[in-house]
Each structure stands twice: as structure tokens, then as C-alpha cells.
Protein chains: 2
Amino acid sequence: MVEKKAKSKNHKAETPERMDIRTIARAANVSIATVSRTINRVATVNPTMAKRVWDVIGELDYFPNTQARALVSGRSKIFGLIISEITNPFFPELLQGFEDVAVENGYEILVSSTNYDTSRMYQCIRRMIERKVEGVAIMTFGIEAPLLDQLAKRNVPLVFIDVGPQSPGVSVLKVDYHHGIRQGVQHLAALNHKDIAFISGPLNLHSAQSRTAAFTYSLKECGITPSPKWIIEGDHTLDGGIAAMEKLLATNPQPTAVMCSNDMTAIGVLHKLNRAGLRVPDDISVIGFDDIHIAQVTIPPLTTVRMSGFSLARSAFAALRAHVENPEASTPQREYPIQTDLIVRESTGSPRNTRAQKSKRRRQ
Amino acid sequence: MVEKKAKSKNHKAETPERMDIRTIARAANVSIATVSRTINRVATVNPTMAKRVWDVIGELDYFPNTQARALVSGRSKIFGLIISEITNPFFPELLQGFEDVAVENGYEILVSSTNYDTSRMYQCIRRMIERKVEGVAIMTFGIEAPLLDQLAKRNVPLVFIDVGPQSPGVSVLKVDYHHGIRQGVQHLAALNHKDIAFISGPLNLHSAQSRTAAFTYSLKECGITPSPKWIIEGDHTLDGGIAAMEKLLATNPQPTAVMCSNDMTAIGVLHKLNRAGLRVPDDISVIGFDDIHIAQVTIPPLTTVRMSGFSLARSAFAALRAHVENPEASTPQREYPIQTDLIVRESTGSPRNTRAQKSKRRRQ
DNA sequence: CTGAAAGCGCTAACAA
DNA sequence: TTGTTAGCGCTTTCAG
């Protein structure tokens, strides 16, 4: 208390002089409460004082300590984001979108990839809870049951993709797989393909099942009977795509087109096909799913069903935010629709033998 | 103070009963200090009590509040990680590596991509400082000067790639670009290429200059004079690769091989070449840099210089950790070497016309 | 070896 | 409108 007026003694580099709210208050000759109010833009602060405070803050390069704020306010301003694997290019795009909106709104984000590993998932949850996230977006395209207990018990708002537990605080992003996949199938059918294969994602993922279902449904709709031997379970990876295509190549007859549950699979397929000496789309057509950036420059550029990572990210953030800012509101929107659309590029074309038939028909 | 002994009144779902250290202490019949010590594995805790505490913790699913811990201990256990763009697949691989080690060591990580945007960079710094990161890894492959002031002023340990300010608390990861690039050039020379082009990264990046220098040096070493018109500045993106290759195609004569400053550029090049009707490696060879996962399945699979994102991540973490755990130690290692190596795949081969010469020579 | 108590930097009543 | 003060949940002396 003795030196309470020791304003600007300004010794050169003496103590590392901690930069806290008190330092600012002293330098601006106001109470810490006023500094706090200024920072938080409380309307009742006298503009003159506010300016004084802001000036000091700018001069001293003061940044409020988020930990302290969080502790007292009970709001960490952190959202968790759980994805399956960061090395699949779809997710970085999603992450980028999430980061954009989050930062824009003063939130920080805790990313974590599970790599389909259960122990990592538990670790994830622990990290999220310890850091007191205000909500978590589970963008793994498959429910990870164990996530629920701990998080739900603590009333942490959650967003899932496709399906989530029916409970307050959880929203779900409803992806309309059907629309894009149906466009893809029809595109193929219009090209005269009848022998169309599908490489799915891991079937324990709900999203993989939905995509497969959308595929078979659309196929039937075109009057084509799905052949089980042409529906292969993949795992959404490059290698999975290669392996699946290998199996498909072993069937007889071989399909003239293959749709893939995601772009990474399709890229693996393209690679395998090239290895096998088959040309795309002359010998066989392929369609991907996701429309990751790189799909534009594959050889040939990939026809694919676009599901925007940015939309997913934006909606996920919006959902979380809605719950946080407005906890008990009259059931804030709980479902968010996500569109999918076919992007036609160059990996699809008419099958060779049917092209002949086509010309024949034309002549009739 | 009246109800200090109201131990386990245990009403059913009355208050959301906050789960804090006090709750645990009460349930285990010990003081909060003991709980704290138990959690922090202080050796002096009586094993019997410790067990009792751990049991209660497990039963109640208690997770210590990191904010509070950070506030009082002054250690946030967070490292910042700044990268240029998360959508370049090299960075997710790096991020994954960083996440692995970080989590393993109880650290959380604050990722942030600058997208080469200055205002985002400032934002980055603010976020890092506000969240009180204990150190930051700046993996942008180019110094972002403004980062220094604020961070350095606060004595935040930093790791850079290639070059960083000579000051205590900053380490640098010295990438040996020369080794891998030289291997690449020699590989090409051995294949009989003489007309070799190079597509660099943005030249304001130190790393881009180093790579370019390594290239020209290695070229001369092989007795080839670098031709300025075959050294093009790219920007490390797909589109940049396409644009650069377009320029190269316009030169006369055209180069018979092109080395790229990163794999994304090379993939763009592959695409452009395919569009131009040129075959790789028959008409022209291409070499990338990074060895991102996808380089294995490009068409053709890409010969590239491998720089391991995992190694970078591990070393970056180690450097940061060394400074944090051991602040004043006798100058902890300040430079960490990173190796690069050529991975030969199928995008390189002998140029067509020289192949003829070669056979001729053989006959002599 | 254990407990009581003093804060960490900040926000949010409550007074003035 | 501004200042005083009591904590937020935890770690860490300092006594016992």
C-alpha cells in the first residue's frame, strides 16, 4: 500500500512488470472495474475514460487474460471440433471454415482427430471437458457412442452430422446425400451405364450406410438392379480405394462405372485403374464424393458430388452458438439441412461398347 | 459456514452440483489440498488417501478445470501452432504430428492458419497472447516479422523454420534442403536431362529462396548452367503450379524436366501437362517436394523430395518444451537439423531424344 | 504427511 | 457513472 502512487516510475527493464488489468487501471487512473467495463464495451462507461483506458491499453499492448475471464465468467469461449482424420483433405477444408467463423465471433477452437481410434476418442473427451469447451462439433460422420455420456452429462451442447441422440442441447446437420448421389447415378445412366459399382465407407458409419442406400435407391429408380458383388465396403482412404478397385477388377463382367463414397477413395481408384492400364473415362467412369479441392486436378479431373465443408462448418458453428447464446430458448432449430450436388468434370463418359449401341440406335 | 458438515446430502438431481475439487475433497473426506496433491502426483501423499481420492474422482468423473490451474500456476499448457494454409496437405500432416506429441505430453494446441494474410497474422498473435500460450511454433516457412515484437516482448519461446531472430528463447529448425534437392538434380542429370526447370515458392519466403539456391547450385555442380527463363516463381498452390507450367510450355526449347518447390505445385504441373497432351515421364519429367501422402497415387506417382512433417512437428515441440521446462538452462540446443531425401517414383525418366543418343553412345 | 489460507487476473454484484 | 469487494477453481506456501 505504501507505493500506491508510484505511477510511472518507469525503471528500465527492472521487473518484467506483469501486464494485468491492474496495471492498466493504475496507468489510466481508474479502477479495475472501469477497465473491465471498457474492455467489455459496457455502455455506461464515460467515453472520456473509455478513451483514456483504450489508449493505455494500446500503448502497453495489453491483452486480457482469457483464463481468468473464463474462470470467473464461466464462459471459456472455446468450441471443440472432433474430426476423424485430419489427413483426409476434406477435413482441413472443414476446419478452415470453422476457424473462420469461430475467430470472427471471438471463439477459440480445440481440434482433435480421432483417427478412428477408440482410446483417442476418450482422450478427446477428456481434453474437451478439462478445457471447459462450451460446445463440441462432432464431425466424424459416425456416432461415437462413448462421447455422449460424459459430454451430455455435463450438458455440453453438441452438433452431429446425420444422426444424434434426441436430447436437448444436441443439433444435427442433416446432409441430403440422396440429392447429389441420385444426380450422379442419373448422370451415369444417361450416359448409358448399366453396370455401376459403389465403393462405400466403413459400414459402421451411419453416413456410409446412407450413401449406400441413396445409391441403391437411385439405381432402382433408373430401372437398374443393384448387384451385391459391385457394392464394396471401403474405408474412405486412398489405400481403401485401391483395394476396393482391385476387388472390382476381379469381377466378371467388370462394372463400367464406379461411384465412390468419398474423393480419397476415388483418387485411389483412379490410381489403381491407371495401374491396370484402364483409361478413365473411356474404359470406365468414376465419380467421387466431397469435392475436395484436389479433385479439380486429378487425371482426369474428377466428376464428384459436392458436399461443402464450409457449409458444414458454418452450420455446425451456428448450431452450437444458438445453444450457447440462448440456452433455454423455445427449442432453437435443431436440424440444419446440408445440400449435395453433382459436379460434372471429366472422369465420366459413355461406356465404349454402349457407345456403339448408341450409334446403332440412332440409326434406327 | 453453517452447513460445513453437510457431507453427502445427496438429493437427487437438485442442483446441477458443480464438480469441483471441493466436491471431491468432501466426498473423500480430505482437504482440497490433498486432492490437489493427489492429482498432481505429489510423492508425499499417503497411498491410502490417494487411492480414496482417485476412487472418488473416477466415480464422479471429475476432471480438473484447466483454466483455474493455468491461472494459478501460470502455466497454460498450450502451445500455439501457426501454419500458412491448412488446405495444403503438407500442413495437416504436420499438425497431426504436433497434436500427437502435444497431447502425449499434456499440452493443448492452438492452431491457426494465416493464409498469407497480414491481418490474419495479427489476429493470430492476439489469440495466442490472450490464451497465454507457453510457446509458439511458427511453421509458415517464412518469417512474419510482426509476429516477433509482441511475442518476443513477452518472452514467449518460439520455433521457426530455417531462420529466426538470434535471441534467447527462439530455436530454429534447420532444414537441409540441399541434400534432397541435390539428389533430385543428380537423379535427373543421370537420366540425361540437361534442360531442367524449377518452379519456386513465393520468393519472399526464405525457404523458397533456399530451395532455389540449392537447385541452381546442384545444377552447376553437374556442369549445367541454370537458365533464368526456366526458373519460375510459383506460390506453392495447385493453381500456381498450373500457371507456372503454362509459362514453361511457352519457352522454346521447352525443358525436359521440372522440379517443383512443393508437391501441390507438382500436382498442378502434372495436371497442366496432361491437359497439354504431354506424357510424364516420357515427354517430360517432374519432381515434387514434401512427399505428401497423395504423391504416392498421382498419375504417375510422383518422384519427390521428402521432408517429413512429423519430424518437423516433433522437433518443433521438443524445442518449445526444452525452453519451457528448462528456461535458463545453459543454452539449450537452439538448432534442430531436418533431413530431406529423394523418393524416386515414376514421374521421372530419360528424355526421349536423349534416349536415342544414349543408345548411340552405347554402340560406340 | 495434511490442512488452512492466500492469492492467480478477472467479472459482477453492490455501494457510493 | 464509478469504485469496492467477493469470489471463479485451483496450486502452493506455511503451520501443525
Side-chain angles (χ1 to χ4, degrees), chain A residues 1 4 15-53 57 60-78 106 129-134 154, chain B residues 1 4-5 15-53 56-57 60-78 106 129-134 154:
Chain A
M1 291 273 160
K4 78 175 168 195
T15 325
E17 51 169 316
R18 52 227 251 173
M19 278 297 314
D20 58 13
I21 200 176
R22 231 155 333 220
T23 312
I24 304 300
R26 217 172 301 135
N29 251 304
V30 296
S31 72
I32 62 170
T34 299
V35 177
S36 175
R37 289 190 193 103
T38 304
I39 291 170
N40 294 296
R41 308 206 127 78
V42 174
T44 61
V45 189
N46 179 319
T48 319
M49 298 204 112
K51 184 176 177 357
R52 207 160 74 215
V53 172
I57 288 179
L60 270 48
D61 284 318
Y62 164 75
F63 293 92
N65 180 329
T66 325
Q67 329 259 29
R69 296 175 95 157
L71 187 56
V72 57
S73 70
R75 302 222 21 204
S76 65
K77 293 289 241 166
I78 300 181
I129 296 175
E130 285 183 354
R131 297 283 171 178
K132 289 273 176 303
V133 297
E134 295 183 39
R154 289 175 170 74
Chain B
M1 294 271 160
K4 78 175 169 194
K5 281 203 167 165
T15 326
E17 50 167 318
R18 48 224 257 170
M19 276 297 314
D20 57 13
I21 200 175
R22 228 151 342 214
T23 313
I24 304 300
R26 218 172 301 135
N29 250 303
V30 295
S31 71
I32 61 170
T34 299
V35 177
S36 175
R37 289 191 194 103
T38 304
I39 291 171
N40 293 297
R41 306 206 130 77
V42 174
T44 60
V45 190
N46 179 317
T48 319
M49 298 203 111
K51 181 171 178 1
R52 207 159 75 214
V53 172
V56 175
I57 289 179
L60 269 46
D61 283 317
Y62 164 75
F63 294 92
N65 180 330
T66 325
Q67 330 258 31
R69 295 176 96 157
L71 186 55
V72 57
S73 70
R75 302 223 19 205
S76 66
K77 293 288 241 168
I78 301 182
I129 296 175
E130 285 184 353
R131 297 283 171 178
K132 289 273 176 301
V133 297
E134 293 183 40
R154 290 176 170 74

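Keep in mind that what you see is a predicted model, and the values were worked out from it rather than measured. We use all heavy atoms of the structure for the numbers below, so side chains are in, but hydrogens, waters and symmetry mates are not. In what follows, chains carry the letters A, B, and so on, assigned in the order in which the sequence lines appear, proteins first and then strands, with residues in each chain numbered from 1.
Using a distance-only test at 3.5 Å, with no hydrogens or angles considered, a donor-acceptor pair links the side chain of A:Thr23 to the main chain of A:Arg18.
The side chain of B:Ala33 sits closest to C:dA4 out of C:dT11, C:dA4, D:dC10. Which of D:dT2, D:dC10, C:dC1 sits closest to the side chain of A:Asn46 comes down to D:dT2. In this structure, of C:dC10, C:dG7, D:dT2, it is D:dT2 that holds the atom nearest to the side chain of A:Met49. Side chain of A:Ser31, nearest nucleotide from D:dT4, C:dG3, C:dC8: D:dT4. If you check C:dG3, C:dG9, D:dG3 against the side chain of A:Val30, the one that comes closest is D:dG3. Considering only the side chain of A:Thr44, D:dT1 comes nearest among D:dT5, D:dT1, C:dG9. In this structure, the nucleotide among D:dG9, C:dC10, D:dT2 sitting nearest to the side chain of A:Ala68 is C:dC10. In the set C:dT11, D:dG9, D:dT1, the nucleotide with an atom closest to the side chain of B:Leu71 is D:dG9.
Using a 4.0 Å heavy-atom criterion, one finds that B:Ser36 contacts the bases of the nucleic acid, with or without backbone contacts as well. Within 4.0 Å (heavy atoms only), A:Val45 reaches sugar-phosphate atoms of the nucleic acid but no base atom.
B:Gln67 has its CD atom 18 Å from the P atom of C:dC8, to the nearest Å. Atom CD1 in A:Ile39 sits roughly 15 Å away from atom P in D:dT2 (whole-Å rounding). B:Arg18 has its CZ atom 11 Å from the P atom of D:dG7, to the nearest Å. The nearest whole Å value for the distance from the CD1 atom in B:Ile21 to the C1' atom in C:dA4 is 14 Å.
The side chain of B:Tyr62 places no N or O atom within less than 4.0 Å of a non-bridging phosphate oxygen (OP1 or OP2) of D:dG9.
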Protein N or O to nucleotides 14-16 of chain C N or O, pairs below 3.5 Å:
none

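When all heavy atoms are compared, the tightest approach of A:Tyr62 to A:Asp20 is CE1-C, 3.7 Å. Smallest separation of non-hydrogen atoms from B:Ala25 and B:Val35: CA-CG2, 3.6 Å.
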